[in-house]
Amino acid sequence: EPSLDMFYKLTPGLTGVLTLNTDFSASEVDDRQVNLTRFSLFFPEKRDFFLQDADIFQFGRLGAFGGPDNNNARPFFSRRIGLGPNREPVGLDGGLKLSGRVGRWNLGVLGVRQEEFGDVAASDLFVGRVTANVLQESSLGVIFTDGDPNSNQDNSVYGIDFRYLNTRLANGRAVDGDFWVEQSTTPGLDGKDRALGISASANTTDGLGGFVSYKTVEENFRPALGFVSRLGVRNLEGSVNYTFRPMDSWFRAIEVRVFFDRFERIADGSLESERISLRPFRLQNNTGDTFQVDLIARKEDLIEPFEISDGVFIPVADYQFDRVAMQLNTGGQRKFSGGISYEMGDFFDGESFSVRPYFNWRPSEHFRLTVEYSVDDIDLPTGSFVTRLTRIRTDIVFSSRLSWVNLFQWDNVLNTLGINSRLHWIPQAGREAFLVLNHNMRDIDGQRTFRSDSAELTAKINYTFRF
């Protein structure tokens with residue numbers, strides 16, 4: 001079906017976008033992940049429509065460091081739009097987007113009409129975000145979201161955030177701080193529906209640095225257009241690091257770090273999770289190669305059984321266990337580069353180890369090969385299992401106008417081989433074509449006997465009219 005994306009520059013820094021029958025067929029597929037936790041995974045946004053000016057919609061710098069816990073309580077997460085609960089595509093009838101900067105103001109407005117799917121009726125979704133640059137480097141902002149893309153309930157969230165930044169300190173040092181608070185409104189959930197956070201960091205390229213943050217997410221807080229990984233928790237997180245740069249040495253930098261991360265249940269103050277790690281050293285040489293060791297102490301309190309794999313349960317109990325992690329990486333400027341991480345030790349009431357090697361080969365500016373492999377070997381009293389994930393990617397640039405990207409992924413949890421192949425041609429400025437193949441093949445007997453499970457071939461042509 002034809003789609004339309006119309007861009008109009010209202011001012012040099014402010015862009016309006018109209019989209020009809022929005023098409024995301026040329027977007028990259030997600031990198032697969034294997035979940036060995038009892039909490040949600042986080043998959044980053046890859047669709048160009050939402051990536052444009054995505055920083056303007058960022059709130060409280062939630063998610064600035066990646067991972068599900070850092071994104072917890074995020075009021076707006078664009079992947080909630082156009083994707084179902086299991087990441088299946090959901091059509092968009094159309095939408096309007098206004099984003100950019102005017103003077104000291106940063107403005108983001110998004111309105112989308114999402115098609116019905118399953119038992120969920122078609123829905124109108126809205127996000128509004130405004131920030132003002134204050135002081136010399138700081139900002140003050142508000143956000144409002146309305147609509148629930150995955151249910152027929154009403155939902156809204158509003159919040160305010162303030163960021164203080166000062167990079168003008170002596171010796172290249174910087175101080176950064178954030179404060180934010182959010183309130184959600186959901187029918188049937190009254191009270192205990194707020195989230196708030198405060199953080200501070202002192203950044204430096206050498207010497208002493210660190211950060212501390214505190215976050216509370218109440219049990220009825222529901223950002224239907226956002227992301228939550230844990231509810232009803234308080235989270236205290238922090239680290240202290242010291243970086244030493246020796247003179248006339250083979251080492252460019254030597255770092256020591258202590259990290260602390262604790263989740264408590266708001267209801268009774270009991271521990272949910274805790275992680276303390278000591279990095280006695282991280283070594284970096286003058287060619288960018290690094291080697292580090294981490295000593296990790298973890299605590300987990302399970303109040304209900306946790307099925308970590310099919311038929312393998314971790315029973316209710318308090319767990320304390322220690323682990324050791326090591327990581328080696330070579331500088332990415334080489335034609336051949338790569339690395340390996342290894343972690344081993346106790347795991348709940350059993351043991352586990354994980355290995356994750358990868359390498360890149362870049363013989364020229366026209367070709368790049370990336371191979372990643374991960375294996376987790378888990379041995380528990382209730383059962384043992386091994387998870388494996390392989391990812392191979394090739395980037396071929398024939399010219400400035402023609403490129404070809406291939407991504408092959410396999411894991412033994414889904415037992416499927418996924419192929420995503422995207423050919424991109426730009427015959428001239430303002431015109432481009434995509435040919436995209438998505439093919440999934442299932443291992444039917446566990447012996448690498450693959451049969452086609454689904455296949456889709458999409459041709460997409462973009463033509464830009466300038467007026």
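For this chain, numbers begin at 1 and follow the sequence in order. Basis for what follows: all heavy atoms, side chains included, without hydrogens, waters or symmetry-related copies.
Of the N and O atoms on the side chains of Asn360 and Thr370, at least one donor lies less than 3.5 Å from an acceptor on the other residue. The closest side-chain donor-acceptor pair between Asn440 and Asp453, if any, does not fall under 3.5 angstrom. With no hydrogens or angles considered, a side-chain donor-acceptor pair links Asp5 and Thr19 at under 3.5 Å. Trp404 and Ser421 form a side-chain donor-acceptor contact under 3.5 Å, judged by distance and modelled atom types alone. No side-chain donor-acceptor contact under 3.5 Å links Asn72 and Arg230. Defined by atom type and a distance below 3.5 Å, a donor-acceptor pair is missing between the side-chain atoms of Arg163 and Ser138. Counted by atom type alone, Asn420 and Glu28 present zero donor-acceptor pairs between their side chains at under 3.5 Å. Between Tyr158 and Asp146, the side chains place no donor N or O within less than 3.5 Å of an acceptor N or O (distance only, hydrogens not considered). A donor and an acceptor atom, one from each side chain of Glu432 and Asn462, are located under 3.5 Å apart. Side chain to side chain, Lys46 and Ser27 fail the donor-acceptor criterion of an N or O pair below 3.5 Å. Side-chain contact annotation: Ser277 with Asp294, donor-acceptor N/O pair under 3.5 Å absent. Ser354 and Glu343 are not linked by any side-chain donor-acceptor pair at a separation below 3.5 angstrom, with hydrogens and angles left out of the test. Donor-acceptor pairing under 3.5 Å is lacking for the side chains of His439 and Ser454.
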Legend entry - Check against side chain to side chain contact (heavy atoms under 4.5 Å, CB included), Ser403 and Trp425: CA-CA 7 Å; Ser403 62; Trp425 179 42; over 6 Å; no

Inset, instruction - Report the C-alpha distance between Lys9 and Thr15 in whole Å, list the side-chain angles of each, state the deciding distance to 0.1 Å, and finish with yes or no for side chain to side chain donor-acceptor pair (under 3.5 Å). - result: CA-CA 5 Å; Lys9 281 282 188 182; Thr15 303; 3.1 Å; yes

Inset, instruction - Check the pair Asp30, Arg87 against salt bridge (Lys or Arg N to Asp or Glu O under 4.0 Å), reporting the backbone distance first and the verdict last. - result: CA-CA 10 Å; Asp30 291 328; Arg87 296 187 290 127; 2.9 Å; yes

Legend entry - side chain to side chain donor-acceptor pair (under 3.5 Å) between Ser139 and Asn133, worked out: CA-CA 4 Å; Ser139 63; Asn133 299 326; 5.6 Å; no

Inset, instruction - Given salt bridge (Lys or Arg N to Asp or Glu O under 4.0 Å), test Arg222 with Asp193 step by step and report yes or no. - result: CA-CA 7 Å; Arg222 294 290 190 278; Asp193 49 8; over 6 Å; no

Inset, instruction - Could you check Thr390 against Glu372 for side chain to side chain contact (heavy atoms under 4.5 Å, CB included), going step by step and ending with a plain yes or no? - result: CA-CA 6 Å; Thr390 303; Glu372 301 173 73; over 6 Å; no

Legend entry - Criterion side chain to side chain contact (heavy atoms under 4.5 Å, CB included) on Asn329 and Tyr358, from CA distance to verdict: CA-CA 9 Å; Asn329 297 290; Tyr358 74 93; 2.9 Å; yes

Legend entry - Full working for side chain to side chain contact (heavy atoms under 4.5 Å, CB included) between Ile308 and Phe313: CA-CA 6 Å; Ile308 190 171; Phe313 288 84; over 6 Å; no

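Judged by the 6.0 Å distance and 45° axis criteria, Lys97 is positioned over the aromatic ring of Phe49. A cation-pi arrangement, defined by a distance under 6.0 Å to the six-membered ring centre and an angle within 45 degrees of its axis, is present between Arg47 and Phe24. No cation-pi contact links Arg234 to Tyr214, judged by a cut-off of 6.0 Å to the six-membered ring centre and 45° from its axis.
A salt bridge does not link Asp346 to Arg323: none of the charged side-chain nitrogens sits closer than 4.0 Å to a carboxylate oxygen. Taking the charged nitrogens against the carboxylate oxygens, Glu274 and Arg262 do have a contact shorter than 4.0 Å, which makes a salt bridge. One finds no salt bridge joining Lys215 and Glu237 here, because no Lys/Arg side-chain nitrogen approaches an Asp/Glu carboxylate oxygen to under 4.0 Å. Salt bridge present: Arg356 and Asp376 bring a charged side-chain N and a carboxylate O closer than 4.0 Å.
Looking only at distances, no side-chain donor or acceptor of Arg265 sits under 3.5 Å from a matching main-chain atom of Ala267. Without hydrogens or angle criteria, Asn86 side chain to Glu88 main chain gives no donor-acceptor distance under 3.5 Å. Judged purely by atom type and a 3.5 angstrom limit, Thr416 has no side-chain atom pairing as donor or acceptor with the backbone of Gly418. Judged by distance alone, the side chain of Arg401 and the main-chain N or O of Ile426 form a donor-acceptor pair under 3.5 Å. Distance alone, capped at 3.5 Å, places no donor-acceptor pair between the Arg101 side chain and the Asn106 backbone. A donor-acceptor pair under 3.5 Å is absent between the side-chain atoms of Thr186 and the main chain of Leu189, judged by distance alone. Distance alone, capped at 3.5 Å, places no donor-acceptor pair between the Asn71 side chain and the Arg74 backbone. Gln114 contributes a side-chain N or O that, together with a main-chain N or O of Pro149, makes up a donor-acceptor pair within less than 3.5 Å.
Looking at heavy atoms from C-beta onward, Trp180 lies out of side-chain contact with Phe162 at the 4.5 angstrom threshold. Residues Tyr373 and Val371 form no side-chain contact, since every pair of their non-hydrogen atoms from C-beta on lies 4.5 Å or further apart. Considering only heavy atoms from C-beta on, Phe221 stays 4.5 Å or farther from Arg194 through its side chain. For the pair Arg257 and Ser239, the minimum side-chain heavy-atom distance is below 4.5 Å. Side chains of Leu125 and Leu225 form a contact here, defined as non-hydrogen atoms less than 4.5 Å apart. Put simply, the side chain of Leu36 reaches to within 4.5 Å of the side chain of Ile378, judged on heavy atoms. A heavy-atom distance below 4.5 Å is found between the side chains of Val120 and Asn152. Residues Arg298 and Phe347 form a side-chain contact, since some pair of their non-hydrogen atoms from C-beta on lies under 4.5 Å apart.
Residue Asn235 is tested with Asp69, Asn70, Asp261 for a side chain to side chain donor-acceptor pair (under 3.5 Å); the sole match is Asp261. Shown are Glu272, Glu300, Glu307; of these, the salt bridge (Lys or Arg N to Asp or Glu O under 4.0 Å) with Arg38 is made only by Glu300. Tested against Gln409, the residues Arg391, Arg32, Arg393 include a single side chain to side chain donor-acceptor pair (under 3.5 Å) partner, Arg391. Tested against Arg61 for a salt bridge (Lys or Arg N to Asp or Glu O under 4.0 Å), the candidates Asp176, Asp161, Asp55 yield a single pass: Asp176.
Considering CG of Asn166 and OH of Tyr164, their distance stands at 4.0 Å, rounded to 0.5 Å. Once rounded to the nearest 0.5 Å, the distance linking CD of Glu137 with CG of Leu165 reads 4.5 Å.
Under a cut-off of 6.0 angstrom, the local environment of CD in Glu116 is sparse, with at most 12 non-hydrogen atoms contributed by other residues, nucleotides or ligands.
Ring pair Phe126/Phe144 is tilted by interplanar angle, where 30° to 60° counts as tilted. In this pair, Phe211 and Phe259 present their aromatic rings tilted. The plane angle is within the 30 to 60° band.
Between Asn150 and Pro85, the closest heavy-atom pair is OD1-CD, 3.6 Å.
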